[in-house]
Asks: 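Before I ask anything, let me first share the structure, which is written out below as structure tokens.
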Amino acid sequence: MKIRTGIALVAMMAATMTTAFAQGSGADTYKGKCQMCHAADGTASGPAGKSLNVPSFKASKQTEAEMIAETKAGKGKMPAFASKLTDAQIKDVVAYVKTLQK
Ligand code: HEC
């Protein structure tokens with residue numbers, strides 16, 4: 001019985017992970033790839049944000065297209081994500097960043 005429960009759990013976890021990847025929602029990408037520097041609310045208030053001088057999204061004047069370009073190419077201490085995320089993921093995560101500015 002214990003082994004079966006274990007197998008069921010692993011199967012469930014795998015299914016959940018696959019769903020998360022398939023959906024690749026902007027919020028999930030943000031949590032995994034951006035939040036450590038930009039903070040959950042986009043204000044860069046965490047230790048990494050402060051030490052790297054990350055700007056707050058709330059003060060950003062960039063358009064969505066400019067944000068997509070900078071996320072792809074990187075800038076200064078911000079890594080480039082063109083090889084780490086798909087265009088669709090970058091578009092989704094920037095759309096999520098835009099919701100943090102409000
Ligand atoms: C290692 C820390 C780090 C990570 C991870 C990171 N950033 Fe940044 N980000 C920065 C820094 C530092 C800047 C400021 C760059 C500069 O102007 O020199 C920045 C700037 C930006 C800007 C420009 C804001 C403006 O108005 O100037 C955008 C947009 C942005 N990041 C989006 C993202 C997204 C989306 C992710 C996740 C996919 C991400 N960043 C992950 C550190 C990071």
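In listed order, ligands and their atoms are each counted from 1. This is a predicted model, so every value here is computed, not measured.
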Asks: Starting from Met78, can I reach Leu100 by hopping between I/L/V/M/F/W/Y residues whose side chains sit under 4.5 Å apart?
Replies: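 Yes, Leu100 and Met78 fall within the same hydrophobic cluster.
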Asks: Using the test side-chain contact (heavy atoms from CB on, under 4.5 Å), find all partners of Val94 that sit at least two apart in sequence or belong to another chain.
Replies: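 Glu64, Met67, Ile68, Thr71, Ile90.
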Asks: Let me know which protein residues bring a heavy atom to under 4.0 Å of ligand 1; chain then number is fine for ordering.
Replies: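 Residues near ligand 1: Lys33, Cys34, Met36, Cys37, His38, Leu52, Val54, Pro55, Phe57, Ser60, Gln62, Met67, Glu70, Thr71, Lys75, Lys77, Met78, Pro79, Phe81, Leu85, Val93.
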Asks: Could you give the distance from NZ (Lys50) to OG1 (Thr43), rounded to the nearest 0.5 Å?
Replies: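 Between Lys50 NZ and Thr43 OG1, I get 8.5 Å after rounding to 0.5 Å.
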Asks: Please examine the side chains of Ser60 and Gln101, heavy atoms only from C-beta on, and report whether any two atoms are closer than 4.5 Å.
Replies: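 Side-chain contact under 4.5 Å: yes.
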Asks: Is the side chain of Thr29 donor-acceptor paired with the backbone N or O of Ser25 at a distance under 3.5 Å, no angle test?
Replies: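 Yes.
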Asks: Over 60° means perpendicular and under 30° means parallel, so tell me whether Phe57 and His38 are parallel, tilted or perpendicular.
Replies: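 Taking His38 first and then Phe57, their aromatic rings lie parallel (interplane angle under 30°).
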